[in-house]
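Take a look at the structure set out below.
Each chain gets a letter, A, B and so on, in the order the sequences are listed, and its residues count up from 1. Keep in mind it's a predicted model, so treat the numbers as computed, not measured.
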2 protein chains.
Amino acid sequence: MTKQVKISEAVVRRLPVYLRYLNELSLSGVQTVSSQDLGEKLDLNPAQIRKDLAYFGDFGRKGVGYNVSYLIEKIRQILKLDRPLHVALVGTGNLGRALCNYNMYLKENMKIIAVFDADPSKVGTVINNLTVQPTEELGATVAEKDISIGIITVPAAEAQNVADRFVAAGIRGILNFAPTVLRAPEGVRIHQTDFTADLLSLAYYMNNDNEDTTRGTVDDEPMAD
Amino acid sequence: MTKQVKISEAVVRRLPVYLRYLNELSLSGVQTVSSQDLGEKLDLNPAQIRKDLAYFGDFGRKGVGYNVSYLIEKIRQILKLDRPLHVALVGTGNLGRALCNYNMYLKENMKIIAVFDADPSKVGTVINNLTVQPTEELGATVAEKDISIGIITVPAAEAQNVADRFVAAGIRGILNFAPTVLRAPEGVRIHQTDFTADLLSLAYYMNNDNEDTTRGTVDDEPMAD
DNA sequence: TAGATTGTTAATCGATTAACAATC
DNA sequence: TAGATTGTTAATCGATTAACAATC
């Protein structure tokens with residue numbers, strides 16, 4: 001029954017969304033849920049949900065649905081959230097501090113355990129029980145504390161530099177909040193959280209009487225040079 | 001030449017990424033750029049870039065490439081960033097304050113001009129020159145100040161409630177940072193910035209010796225009930 | 001048994017990429 | 001003219017959805 005199919009990024013990206021809602025259901029005491037229910041709540045096609053889950057195993061029961069706590073357990077296994085995952089964060093500006101104070105990860109065994117900043121005036125300050133370290137210590141601390149994921153919340157101009165440091169330190173995954181495209185060698189995964197792009201692209205849909213904007217909407221004069 | 005083709009969300013989402021890099025090029029004094037150059041820098045297929053841009057007009061010149069400042073102008077027109085866009089933000093926690101202090105939007109005519117919080121102890125405080133207002137005033141202020149985009153940075157449990165208020169106030173687009181799926185009627189666009197999902201999905205790729213995880217990786221015992 | 005819902009195949013839809021004539 | 005690069009068509013690839021037999 002073990003099919004060798006590559007799991008697409010889109011599928012993996014939906015798993016945490018399922019997990020989050022299942023946790024809610026569990027807290028409300030709901031014991032069973034159908035793909036229909038999930039689909040309605042999460043605005044997804046039920047067939048897609050069944051297909052996503054079926055990549056990893058037969059978690060449901062025909063005619064019944066999915067056992068909520070069993071499915072939670074399985075998704076946490078799939079995402080490898082059933083064991084501790086250490087995270088480091090670089091850049092203690094507003095956003096960096098916001099993330100340090102965010103506690104969602106805790107429940108999922110994911111925890112920011114080291115914080116860095118290049119600014120000497122920030123070094124030594126304390127954020128949510130963590131003392132800010134100088135960026136120079138990044139490599140040593142990552143190795144020492146078995147850190148596998150890095151979060152980048154520095155200005156765009158410094159982001160690639162920090163990413164390179166993370167890569168050199170042997171990190172396996174990077175979540176980048178800086179508004180710039182980062183490059184890393186094979187084997188290091190980069191997730192881009194580009195909310196400026198999310199926000200600016202929203203503008204496109206504003207005051208759009210003709211919902212389908214086409215070539216006609218922009219006047220194409222000959223190119224100025 | 002006006003083809004009636006619907007522009008996909010993926011295409012629109014890439015436009016701000018192009019715009020950002022073009023602005024960089026412009027600052028460096030670069031006057032012309034090819035889809036090849038753009039593709040290398042942004043990690044995208046050159047053909048895709050040419051196709052994206054061609055949806056909106058003939059912006060390039062064969063054998064030469066794209067004029068940087070002309071393309072900037074055109075993309076800003078397409079995204080409707082050539083005119084002021086007023087934004088309101090609800091939720092002045094760490095993340096909300098981080099966004100208020102973020103100034104990227106300014107350059108693009110997009111500006112947070114009103115901030116709200118349900119917590120009376122936050123009301124009246126000042127963030128980046130904006131006085132925090134009680135959430136009750138949201139409807140009136142949105143109408144009064146011609147606000148078309150709303151940003152939600154409240155806890156998940158309150159997010160839908162805030163979204164409903166925004167919708168009732170006549171807002172056209174919402175950028176949601178709360179880790180929950182929001183619903184809105186047709187005509188109101190919701191962009192989800194789910195960085196907890198981005199982070200948790202990153203875990204999937206950690207310590208993955210077999211890069212393609214399949215049914216085999218998770219032990220499928222019979223379902224417990 | 002009758003009703004419900006899964007897992008999975010096949011059909012559809014959409015997005016990306018390759019290739020190349022047009023042309024600067 | 002020769003070299004470069006666009007705009008666009010056709011080919012490919014991948015993801016979503018519909019449909020349904022299996023079965024609880």
Side-chain angles (χ1 to χ4, degrees), chain A residues 1-15 17-18 22 30-68 70-71 74 201 212 214-215 218 220 222-225, chain B residues 1-15 17-18 22 30-68 70-71 74 201 212 214-215 218 220 222-225:
Chain A
M1 263 294 170
T2 306
K3 290 178 300 173
Q4 289 296 331
V5 187
K6 255 173 237 107
I7 309 299
S8 89
E9 212 165 322
V11 172
V12 175
R13 193 25 232 264
R14 281 189 293 267
L15 296 178
V17 178
Y18 301 153
L22 289 166
V30 177
Q31 297 189 347
T32 299
V33 70
S34 68
S35 59
Q36 186 71 234
D37 299 336
L38 286 167
E40 264 162 38
K41 184 66 182 180
L42 303 175
D43 204 12
L44 294 170
N45 184 299
Q48 181 170 62
I49 295 173
R50 293 200 297 280
K51 198 157 197 273
D52 283 355
L53 297 173
Y55 282 118
F56 304 99
D58 294 341
F59 300 146
R61 176 164 293 184
K62 288 173 185 172
V64 179
Y66 300 90
N67 177 299
V68 172
Y70 179 74
L71 192 51
K74 283 302 175 190
S201 66
D212 51 330
T214 58
R215 303 193 66 155
V218 171
D220 21 7
M223 178 173 158
D225 52 323
Chain B
M1 262 296 169
T2 305
K3 289 179 298 173
Q4 288 297 330
V5 188
K6 257 174 235 107
I7 308 301
S8 90
E9 214 163 322
V11 173
V12 175
R13 195 24 233 264
R14 281 190 292 267
L15 296 179
V17 179
Y18 301 153
L22 289 166
V30 177
Q31 297 191 346
T32 301
V33 70
S34 69
S35 60
Q36 185 71 235
D37 298 336
L38 285 166
E40 263 161 40
K41 184 68 183 182
L42 303 175
D43 204 10
L44 294 170
N45 184 301
Q48 182 171 62
I49 295 173
R50 292 199 299 278
K51 199 158 197 275
D52 283 355
L53 297 174
Y55 281 119
F56 304 98
D58 294 340
F59 301 147
R61 175 165 293 184
K62 289 174 183 167
V64 179
Y66 299 90
N67 177 299
V68 171
Y70 179 75
L71 191 51
K74 284 302 173 189
S201 65
D212 50 331
T214 57
R215 303 193 66 155
V218 171
D220 22 7
M223 177 171 158
D225 52 326

Check: Between which residue ranges does DNA chain C form stems of three or more consecutive Watson-Crick or G-U wobble pairs, both distances under 3.5 Å?
Finding: C:3-24 with D:3-24
Margin query: dT5(D), OP1 or OP2 - any side-chain N/O from Ser35(B) closer than 4.0 Å?
Written below: no
Checklist line | Shortest side-chain distance from Lys62(B), nucleotide among dT5(D), dT16(D), dG7(C) | finding: dT5(D)
Next item on the list: Find the distance Leu71(B):CG to dT5(D):C1' and express it as a whole number of Å.
Entry: 14 Å
Margin query: Without decimals, in angstroms, what is the distance between Ile7(B) CD1 and dG14(C) P?
Written below: 14 Å
Margin query: How many whole angstroms separate atom CZ of Phe59(A) from atom C1' of dC24(D)?
Written below: 18 Å
Notebook entry, point to check: Once you round it to whole Å, what is the distance between P of dG14(D) and NZ of Lys6(A)?
Noted result: 8 Å
Check: Within the pair Ser8(B) and dA15(C), is there a side-chain N or O less than 4.0 Å away from OP1 or OP2?
Finding: yes
Item checked: Rounded interatomic separation in angstrom, taking CD from Gln36(A) and C1' from dA19(D) -> 14 Å
Notebook entry, point to check: Rounded to the nearest 0.5 Å, how far does CD of Glu9(B) lie from OG of Ser201(A)?
Noted result: 7.5 Å
Notebook entry, point to check: Looking at side-chain heavy atoms only, is the closest gap between Tyr55(A) and Val12(A) below 4.5 Å?
Noted result: no
Check: Rounded to whole angstrom units, what separation is found between the CG atom of Asp58(B) and the C1' atom of dA21(C)?
Finding: 15 Å
Notebook entry, point to check: Between atom CG of Leu22(A) and atom OH of Tyr66(A), what is the distance when rounded to the nearest 0.5 Å?
Noted result: 10.5 Å
Notebook entry, point to check: Of all the nucleotides listed (dA22(D), dT16(D), dC24(C)), which has the minimum atom distance to the side chain of Arg14(A)?
Noted result: dT16(D)
Check: Just how far is it from atom OG of Ser34(B) to atom CD1 of Ile49(B), taken to the nearest 0.5 Å?
Finding: 9.0 Å
Next item on the list: Could you list by number each residue of residues 42-53 of chain B showing a heavy-atom separation from DNA chain D of less than 4.0 Å, or answer none if no residue does?
Entry: Arg50(B), Lys51(B)
Next item on the list: Using whole Å, report how far CD of Glu9(A) lies from P of dA15(C).
Entry: 17 Å
Note to self: Does any part of the side chain of Asp37(A), heavy atoms only, come nearer than 4.5 Å to the side chain of Val30(A), both counted from C-beta?
What the structure shows: no
Check: How far apart are the closest heavy atoms of Leu42(A) and Tyr18(A), and which atoms are they?
Finding: CD1-CD2, 3.7 Å
Margin query: Whether Tyr66(A) contacts dA4(C) is assessed here as follows: a side-chain N or O lying under 4.0 Å from the phosphate OP1 or OP2. Is that the case?
Written below: no
Checklist line | Among dC24(C), dT8(D), dT8(C), the nucleotide that comes nearest once only the side chain of Ala54(A) is considered | finding: dT8(C)
Notebook entry, point to check: Which atoms form the tightest heavy-atom contact between Thr32(A) and Val64(A), and what is the distance?
Noted result: CG2-O, 3.6 Å
Notebook entry, point to check: Considering only heavy atoms from C-beta outward, does the side chain of Leu53(A) approach that of Leu71(A) to under 4.5 Å?
Noted result: yes
Item checked: side chain to side chain donor-acceptor pair (under 3.5 Å) partner of Ser35(A), the single match among Gln48(A), Glu40(A), Arg50(A) -> Arg50(A)
Check: Which nucleotide in the list dG7(C), dA22(C), dT5(C) gets nearest to the side chain of Ser34(A)?
Finding: dT5(C)
